[in-house]
Amino acid sequence: MNCILLPAENIVHQTAQINAVSQVRHVTQILDAKVGESLKIGQIGGQLGTAIIESITQDCIQLRDVQLTIAPPPKLDLTVILALPRPKVLRRLIMDMTALGVRHIILINSYRTQKSYWQSPMLERLDEFVLEGLQQSVDTIAPSIDLKKRFKPFVEDELANLVTNGAIVAHPYSTQSFAQYIKKQPLDKPYLDHPDSKKPPVSGLPSLVCIGAEGGWIDYEIALLATQGCEPVHIGPRILRTEAAVNALLGQWLL
């Protein structure tokens, strides 16, 4: 944790309390913080700031001089459609996408998604994984997360409305690389009108990315996604695990 995020009800005027077991343990055992020291905190859905430790007990930390004056970092203009992965991978992926600043996450069924994954208790813990990602990246605004158990109806009826600035689908056997996709995107009009402007041109990054689970998408899924404007791209000759592919692709939005 690089900050402690608290729900609004735990903050009253310039005082606050930390009573979540994992947060109390982190402050007392990992940070080894003492009374009188400053902590970096934030309100879930609100501002970031600092507070002073007033008292520490086994199950609660009282804070004073709460100052929440810093805006959270902006979210990426990005929706990620992810084929529901193995449960033990789901936690890391939700944490990573949250930490990277993804605005909207859609977990979808695919041919290679095992039916048992949708019964996993891990799906009941998504808020917990989001909180971990927010505290890692010092952010307070959670991504929206939707679950879509029917692939074809979602792609045919809903996907097109989500594409605002291009869309790609990660596919290791595509003939087009992600770099090639970016290069062929037109520059924004203000830059074309004023090429000497100090403002850099828009990067051409898409607003929607589709990433398969282990084994990737099947040809039918690639073809159906393509009918809605999702262009297949690869990121090199290596076939990566889902976790590596997510971070390699989404890292481009941070450059």
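The structure displayed is predicted, hence computed values, not measured ones.
For the residue pair Pro232 and His171, the shortest heavy atom distance occurs at CB-CB, 4.3 Å. Looking at every heavy atom in both residues, Val169 comes nearest to Cys230 through CG1-O, 3.9 Å. Nearest heavy-atom pair across Pro72 and Leu48 is CA-CD1, 3.9 Å. Listed here is the closest heavy atom pair of Leu93 and Pro85: CD1-CG, 3.7 Å. Residues Gly166 and Pro206 come closest through the heavy atom pair O-CB, 3.5 Å. Shown here for Phe178 and Gln252, the closest heavy-atom pair between the two residues is CE2-CG, 3.6 Å.
The number of heavy-atom neighbours closer than 6.0 Å to CD of Gln58, taken from other residues, nucleotides and ligands shown, is 12 or below. Shown here is Lys88, whose NZ atom has no more than 12 heavy atoms of other residues, nucleotides or ligands within 6.0 Å.
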Would you sort out whether Val24 and Ile56 count as a side-chain contact (heavy atoms from CB on, under 4.5 Å), showing the intermediate values?
CA-CA 9 Å; Val24 171; Ile56 300 175; 5.8 Å; no
Step by step, work out the side-chain contact (heavy atoms from CB on, under 4.5 Å) result for Ile52 and Arg64.
CA-CA 5 Å; Ile52 304 299; Arg64 60 176 171 83; 3.4 Å; yes
Step by step, work out the side-chain contact (heavy atoms from CB on, under 4.5 Å) result for Gln67 and Gln14.
CA-CA 7 Å; Gln67 303 290 330; Gln14 290 187 309; 2.9 Å; yes
Apply side-chain contact (heavy atoms from CB on, under 4.5 Å) to the pair Arg25 and Ile30, showing each step before the final yes or no.
CA-CA 7 Å; Arg25 184 184 302 118; Ile30 306 301; 5.9 Å; no
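Linking Ile, Leu, Val, Met, Phe, Trp and Tyr residues whenever their side-chain heavy atoms come within less than 4.5 Å places Ile4 and Leu63 in a single cluster. Note on Leu82: it clusters hydrophobically with Met122, by side-chain heavy-atom contacts below 4.5 Å among ILVMFWY residues. There is a path of hydrophobic side-chain contacts, each under 4.5 Å, that joins Leu254 to Leu249. Residues Leu162 and Ile105 do not share a hydrophobic cluster, defined by chaining ILVMFWY side chains whose heavy atoms lie under 4.5 Å apart. With hydrophobic clusters built from ILVMFWY side chains whose heavy atoms lie under 4.5 angstrom apart, Trp217 does not share a cluster with Val233.
Within the 4.5 Å cutoff, the side chain of His234 has no heavy atoms near those of the Gln176 side chain. Within the 4.5 Å cutoff, no side-chain heavy atoms of Asn19 are placed close to those of Asp59. Side-chain atoms of Ile11 and Leu68, non-hydrogen and from C-beta on, do get closer than 4.5 Å to each other. Thr50 has its side chain out of reach of Thr69: every pair of non-hydrogen atoms, C-beta onward, lies at least 4.5 Å apart.
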Which donor-acceptor pairs under 3.5 Å do the side chains of residues 34-44 make with protein atoms, sequence neighbours left out?
{"unit_1": "Lys34", "atom_1": "NZ", "unit_2": "Asp32", "atom_2": "OD1", "d": "3.0"}
{"unit_1": "Glu37", "atom_1": "OE1", "unit_2": "Lys34", "atom_2": "N", "d": "3.1"}

Can you give me every donor-acceptor pair (side chain of residues 237-247, partner residue at least two apart or in another chain, under 3.5 Å) with its distance?
{"unit_1": "Thr242", "atom_1": "OG1", "unit_2": "Glu214", "atom_2": "N", "d": "3.4"}
{"unit_1": "Thr242", "atom_1": "OG1", "unit_2": "Glu214", "atom_2": "OE2", "d": "3.4"}
{"unit_1": "Glu243", "atom_1": "OE2", "unit_2": "Arg92", "atom_2": "NH2", "d": "2.8"}
{"unit_1": "Asn247", "atom_1": "ND2", "unit_2": "Asp96", "atom_2": "OD2", "d": "3.2"}
{"unit_1": "Asn247", "atom_1": "ND2", "unit_2": "Glu243", "atom_2": "O", "d": "2.9"}

What pairs of donor and acceptor atoms, side-chain ones from residues 143-157 against any protein atom, are under 3.5 angstrom apart with sequence neighbours left out?
{"unit_1": "Asp146", "atom_1": "OD2", "unit_2": "His104", "atom_2": "NE2", "d": "2.7"}
{"unit_1": "Lys148", "atom_1": "NZ", "unit_2": "Glu158", "atom_2": "OE1", "d": "3.0"}

Tabulate below the donor-acceptor pairs under 3.5 Å that side-chain atoms of residues 129-137 make, not counting sequence neighbours, or state none.
{"unit_1": "Glu132", "atom_1": "OE1", "unit_2": "Arg91", "atom_2": "NH2", "d": "2.7"}
{"unit_1": "Glu132", "atom_1": "OE2", "unit_2": "Arg91", "atom_2": "NE", "d": "3.4"}
{"unit_1": "Gln135", "atom_1": "OE1", "unit_2": "Leu5", "atom_2": "N", "d": "3.1"}
{"unit_1": "Gln135", "atom_1": "OE1", "unit_2": "Gln23", "atom_2": "NE2", "d": "2.7"}
{"unit_1": "Ser137", "atom_1": "OG", "unit_2": "Gly133", "atom_2": "O", "d": "3.0"}

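Rounded to the nearest 0.5 angstrom, Cys60 SG and Ile18 CD1 are separated by 8.5 Å. Note: Ile81 CD1 to Ile106 CD1 = 4.5 Å, rounded to the nearest 0.5 Å. The CE atom of Met95 lies 9.5 Å from the CD atom of Glu128; values are rounded to the nearest 0.5 Å. Summarising the geometry, atom CD1 belonging to Ile168 is positioned 9.0 Å from atom CG belonging to Leu208; distances are rounded to the nearest 0.5 Å. A distance of 12.0 Å separates OH of Tyr181 from OG of Ser174, quoted to the nearest 0.5 Å. Going from atom OG1 of Thr98 over to atom CG of Asp139 covers 9.0 Å, rounded to the nearest 0.5 Å.
No side-chain donor-acceptor contact under 3.5 Å links Gln228 to the backbone of Leu225. In terms of modelled atom types and a separation under 3.5 Å, the side chain of Arg112 and the main chain of Gly216 share a donor-acceptor contact. His13 places no side-chain N or O within donor-acceptor distance of the main-chain N or O of Thr15, the cut-off being under 3.5 Å. Of the possible donor and acceptor atoms, none in the side chain of Asn10 sits under 3.5 Å from a partner among the backbone N and O of Ala16. A side-chain donor-acceptor contact under 3.5 Å links Glu221 to the backbone of Ile218.
A search for side-chain hydrogen bond (donor to acceptor under 3.5 Å, both in side chains) contacts involving Arg86 returns nothing, not counting sequence neighbours. For Thr113, the side-chain contact (heavy atoms from CB on, under 4.5 Å) partners are Ala83, Leu84, Asn109, Ser110, Tyr117, Trp118, not counting sequence neighbours.
Residue Leu78 forms a side chain to side chain contact (heavy atoms under 4.5 Å, CB included) with just one option from Asn165, Leu250, Leu205, and that option is Leu250.
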